[in-house]
Chemist: 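Input: one structure, supplied below.
Just so you know, residue 1 is the first one in the sequence shown, and it goes up from there.
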Amino acid sequence: ANECDFCNLQFPLTLTVAPGATTALVFGRIYEGGRTDTTVGGPAPSILAEVGHGTSGSDPRSRNWTWTRALFNVESGNNDEYQGAFVAPAVSGTYGYAYRFSLDGGLTWSYADSDGAGSNVGLTFAPAAVGVLLVQ
């Protein structure tokens, strides 16, 4: 009931950054019927967005990922788009990154991959479809 209708990691799908540096902006989108499609000129109320990173091949739904708050960017059709950046790990390597959205103040989260996730028909979150972060 608390999973959003649709969400995704919009852009970019790959990032390269120096160890400990701040990434470029990462964008994610959410659609929630009755919320994102009814507001004009700003974010739908009571939606939290975060962009995060973790070990390559790990599931962002685990506790081993680091999350940073993302801010509303623009409305895109019925979707709200968010933007955020994060500090890359201090150790060189390959990592994953993704978005997550909460409709209930952070009690539960919907995790967003590159091909779309959520409760709408045909959408499933796939840990293998998160962004690729190269730290070098």
Chemist: Please tabulate, for the side chains in residues 105-112, all donor-acceptor contacts under 3.5 angstrom to protein atoms that are two or more places apart in sequence or on a different chain.
Modeler:
residue : atom : partner : partner atom : Å
T108    : OG1  : D104    : OD1          : 3.4
T108    : OG1  : D104    : OD2          : 2.6
W109    : NE1  : G106    : O            : 3.3
S110    : OG   : C4      : N            : 2.8
Y111    : OH   : R100    : NH1          : 3.1

Chemist: Is a side-chain donor or acceptor of S114 paired with a backbone partner of A129 at a separation under 3.5 angstrom?
Modeler: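 Yes, because the side chain of S114 sits within donor-acceptor range (under 3.5 Å) of the backbone of A129.
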Chemist: Any side-chain heavy atom of S76 within less than 4.5 Å of one from Y31?
Modeler: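 Sidechains of Y31 and S76: no contact.
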Chemist: Measuring from D80:CG to C7:SG, what's the distance to the nearest 0.5 Å?
Modeler: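 That separation rounds to 12.5 Å.
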Chemist: Before we go on, tell me: are the rings of Y99 and F101 under 6.0 Å apart, centre to centre?
Modeler: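 When the ring centroids of Y99 and F101 are compared, they turn out to be within the sub-6.0 Å range.
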Chemist: Determine yes or no for a side-chain-to-main-chain donor-acceptor pair under 3.5 angstrom, with Q83 supplying the side chain and L71 the backbone.
Modeler: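 Not confirmed, Q83 side chain does not pair with L71 backbone.
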Chemist: With hydrophobic residues grouped by side-chain heavy-atom distances under 4.5 Å, do V51 and V135 end up in a single group?
Modeler: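 Result: yes, single cluster for both.
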Chemist: How long is the gap from CG on N78 to CZ on R29, to the nearest 0.5 Å?
Modeler: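 Rounded to the nearest 0.5 Å, the CG-CZ separation comes out at 11.5 Å.
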Chemist: Can you tell me if Y95 uses its side chain to pair, donor with acceptor, with the backbone of G131 under 3.5 Å?
Modeler: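 Flag not set: sc Y95 to bb G131 has no pair under 3.5 Å.
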Chemist: Do L25 and F11 sit in the same hydrophobic cluster, where Ile, Leu, Val, Met, Phe, Trp and Tyr count as joined when their side-chain heavy atoms come under 4.5 Å apart?
Modeler: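 Linked within one cluster.
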Chemist: Once you round to the nearest 0.5 Å, how far does OH of Y97 lie from OG1 of T68?
Modeler: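 Here the interatomic distance stands at 14.0 Å.
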Chemist: Nearest heavy-atom pair of I30 and T36: which atoms, and what distance?
Modeler: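 Answer, listing the atom of I30 first, then T36: O-CG2, 3.7 Å.
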Chemist: Partners of T55 by side-chain contact (heavy atoms from CB on, under 4.5 Å), sequence neighbours excluded?
Modeler: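 T55: side-chain contact (heavy atoms from CB on, under 4.5 Å) contacts with S58.
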Chemist: Does one hydrophobic cluster hold both L15 and L134, with members joined at side-chain heavy-atom distances below 4.5 Å?
Modeler: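 Looking at the clustering, L134 is in a separate group from L15.
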Chemist: Please report the shortest heavy-atom distance between W65 and V130, naming the atom on each side.
Modeler: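 Closest heavy-atom pair between W65 and V130: CH2-CG2, 4.4 Å.
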Chemist: Looking only at heavy atoms, what is the nearest atom pair of D5 and E32, with distance?
Modeler: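 Heavy-atom minimum between the residues: N-OE1, 2.9 Å.
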Chemist: Does any N or O in the side chain of D113 come within less than 3.5 Å of the main-chain N or O of A126, such that one atom is a donor and the other an acceptor?
Modeler: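 It does hold such a pair.
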Chemist: V26 versus L9: any side-chain heavy-atom pair under 4.5 Å?
Modeler: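 Heavy-atom side-chain distance check passes, below 4.5 Å.
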Chemist: With the side chain counted from C-beta on, respond yes when P89 and L133 share a heavy-atom pair under 4.5 Å apart, and no when they do not.
Modeler: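 Side chain of P89 against side chain of L133, heavy atoms only: contact under 4.5 Å found.
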Chemist: Is I47 reachable from F72 through a run of hydrophobic residues whose side-chain heavy atoms are each under 4.5 Å from the next?
Modeler: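 Yes, because F72 and I47 connect within a single hydrophobic cluster, where side-chain heavy atoms sit under 4.5 Å apart.
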Chemist: Please give me the minimum heavy-atom distance between R69 and A49, naming the atom from each residue.
Modeler: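 Closest approach of R69 to A49, heavy atoms only: CD-O, 3.4 Å.
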Chemist: Which distance, rounded to the nearest 0.5 Å, do you find between the OG of S102 and the CD of E50?
Modeler: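 Atom-to-atom, S102:OG and E50:CD are 8.5 Å apart.
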Chemist: For the hydrophobic clusters of this structure (ILVMFWY residues joined by side-chain heavy atoms under 4.5 Å, transitively), does one cluster hold both F6 and Y82?
Modeler: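 F6 does not cluster with Y82.
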Chemist: Is the side chain of N79 donor-acceptor paired with the backbone N or O of E81 at a distance under 3.5 Å, no angle test?
Modeler: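 No: the side chain of N79 does not pair with the backbone of E81.
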Chemist: Over all heavy atoms of both residues, which pair between G42 and E75 is shortest? Give the atoms and the distance, please.
Modeler: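 Smallest interatomic distance, heavy atoms only, reads N-OE2, 2.9 Å.
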Chemist: Run the ring pair (Phe, Tyr, Trp, His ring centres under 6.0 Å) test against F27 and tell me which residues pass, sequence neighbours left out.
Modeler: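 Scan of F27 (ring pair (Phe, Tyr, Trp, His ring centres under 6.0 Å), adjacent residues dropped) gives none.
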Chemist: Quick one: does T23's side chain have a donor or acceptor within less than 3.5 Å of a partner on F86's backbone?
Modeler: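 Such a contact is found between T23 side chain and F86 backbone.
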